[in-house]
Enquirer: 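Below is one structure. I have some questions about it.
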Amino acid sequence: MKTLIAANWKMHGDFVWTEKPAAFRSMFSDNDRVEILICPPAHMLQAMVGACAGFDISIGAQNCHDQISGAFTGEISAQMVAGTGASHVILGHSERRAMFGDTDEIVAAKTSATRAAGLVPIVCVGESRAVREAGQAEEVGGAQLANSIPEDADGTNLVIAYEPVWAIGTGLVPTLVDIATMHDHIRGCLAKRFGAHIADTIQILYGGSLKPSNAKDILALKDVSGGLIGGAGLEMDSLAAIAAVAP
Ligand code: 13P
């Protein structure tokens, strides 16, 4: 499987940023080895799909609603995301779980809707600092994973991101052993649910203060299939530097 390097732009970006894919490709072009995904804010999805034409860079949304359409002011459906030409949707990011009420149940419904629209959900899980310190990271992460993946999922068209909440935007990262242990645990949970053959095809991304200086060691870990990158994904030179050290 290819390494997936995904930039989550969060609530950053304007139309000048549509020049970034070309800038990125001037710095990194090994698309046989590494798959690149950029997840801009929703207002830029279509323009970014256009800006990436010819650059072999995929575009994803950062959220969607679980219904196809309706009276849901301010929301965007998976079908609408698909209509822009995007390919992925990040779901259950810890910022959405903490600030916008996305529970495991809601994430599961959104994941189901995303797959039904022909898009690939990136389902995020990860523990808080208190949970990590209590030694319950695997248990909590495993439960989040189990409950955020809908009943109708078969393990295809699915990406998982392990993002410890305390590592996001803080400069803190778990030890390599802790990242490896979590990814191994997630792979094991997926194998129990979908079988090892399917589980082995699911990309499991690491996210949380991933940057050029730590990416090589983290991305080399056995069950780490790529990265979900916040801050370091806003600038194309740092995103390219991360892609350059990906296995
Ligand atoms: P940072 O890379 O800024 O820590 O953010 C990670 C993240 O939340 C990606 O979804």
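Owing to the predicted nature of the structure, the values given are computational and were not obtained by experimental measurement. Order of appearance sets the numbers: ligands from 1, and atoms from 1 within every ligand.
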Enquirer: Can you tell me if Ala167 contacts ligand 1 (heavy atom of the residue under 4.0 Å from the ligand)?
Expert: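 So Ala167 counts as touching ligand 1.
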Enquirer: Using a 4.0 Å cut-off to any heavy atom of His93, which atoms of ligand 1 qualify?
Expert: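 Those atoms are 7 (C), 8 (O), 9 (C), 10 (O).
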Enquirer: Provide, to 0.1 Å, the distance between atom 6 (C) of ligand 1 and the closest protein heavy atom, together with that atom's residue and name.
Expert: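 Scanning the protein heavy atoms, the shortest distance from atom 6 (C) of ligand 1 goes to Gly230 N, 3.6 Å.
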Enquirer: Does at least one non-hydrogen atom of Ser209 fall below 4.0 angstrom from an atom of ligand 1?
Expert: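 A heavy atom of Ser209 does come that close to ligand 1.
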Enquirer: Can you tell if the side chain of Met48 reaches within under 4.5 Å of the side chain of Pro21, non-hydrogen atoms only?
Expert: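 Side-chain contact under 4.5 Å: yes.
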Enquirer: Closest non-hydrogen protein atom to atom 7 (C) of ligand 1, residue and atom name please, with distance?
Expert: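 That would be Glu163 OE2, 3.2 Å.
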Enquirer: Under 4.0 Å from any heavy atom of Gly231, which atoms of ligand 1 are there?
Expert: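 Checking each atom against Gly231, I get 1 (P), 2 (O), 3 (O).
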Enquirer: Taking distance alone, with N or O pairs closer than 3.5 Å, would you say Ile229 contacts ligand 1?
Expert: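 It does not: no N or O of Ile229 is found under 3.5 Å from an N or O of ligand 1.
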Enquirer: With a 4.0 Å cut-off on heavy atoms, is Lys10 touching ligand 1?
Expert: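 It does, in that a heavy atom of Lys10 comes within the 4.0 Å cut-off of ligand 1.
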Enquirer: Salt bridge between Asp154 and Arg193, side-chain N to carboxylate O under 4.0 Å?
Expert: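 Looking at Arg193 together with Asp154, the answer is no, because their closest N to O distance does not fall below 4.0 Å.
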Enquirer: Counting only nitrogen or oxygen atoms and a 3.5 angstrom limit, does Leu228 reach ligand 1?
Expert: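 N/O-N/O distance below 3.5 Å does not exist for this pair.
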Enquirer: Could you tell me if the side chain of Lys110 sits less than 4.5 Å from the side chain of Arg96, heavy atoms only?
Expert: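 With C-beta onward as the side chain, the pair touches.
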Enquirer: For ligand 1, is there an N or O atom under 3.5 Å from any N or O atom of Glu95?
Expert: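 N/O-N/O distance below 3.5 Å does not exist for this pair.
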Enquirer: Should you measure from each heavy atom of Asn8, which atoms of ligand 1 turn up under 4.0 Å away?
Expert: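 Answer for ligand 1: 9 (C), 10 (O).
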Enquirer: Are the side chains of Tyr206 and Leu210 in touch, meaning some heavy atoms are under 4.5 Å apart?
Expert: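 When only atoms from C-beta onward are counted, Leu210 and Tyr206 do touch, with a gap below 4.5 Å.
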Enquirer: Does this structure show an ion pair linking Arg187 with Asp184, if we count only N-O contacts that are shorter than 4.0 Å?
Expert: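 Salt bridge between Arg187 and Asp184, a charged N being under 4.0 Å from a carboxylate O: no.
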Enquirer: Would you indicate whether the side-chain heavy atoms of Ile168 and His93 approach each other to under 4.5 Å?
Expert: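 The answer is yes, as the side chains (C-beta and beyond) meet within the 4.5 Å cut-off.
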Enquirer: Give the atom numbers and elements of ligand 1 that come within less than 4.0 Å of a heavy atom of Gly169.
Expert: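 With Gly169 as reference, the close atoms of ligand 1 come out as 1 (P), 3 (O), 4 (O).
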Enquirer: Would the number of heavy atoms belonging to other residues, nucleotides or ligands and lying under 6.0 Å from NZ of Lys2 be above 12?
Expert: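 More than 12 heavy atoms, drawn from other residues, nucleotides or ligands, come within 6.0 Å of this atom.
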Enquirer: For a quick check under 3.5 Å, do Gln203 and Glu35 share a side-chain donor-acceptor pair by atom type?
Expert: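 Checked: Gln203/Glu35 side chains pair up, N/O donor to acceptor below 3.5 Å.
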Enquirer: Counting only heavy atoms not in Leu176 (residues, nucleotides, ligands), do more than 12 fall under 6.0 Å from its CG?
Expert: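 Yes, because the 6.0 Å sphere around CG of Leu176 holds more than 12 heavy atoms from other groups.
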Enquirer: Please list, in number order, the atoms of ligand 1 under 4.0 Å from a heavy atom of Gly208.
Expert: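 The atoms of ligand 1 under 4.0 Å from a heavy atom of Gly208 are 4 (O), 6 (C).
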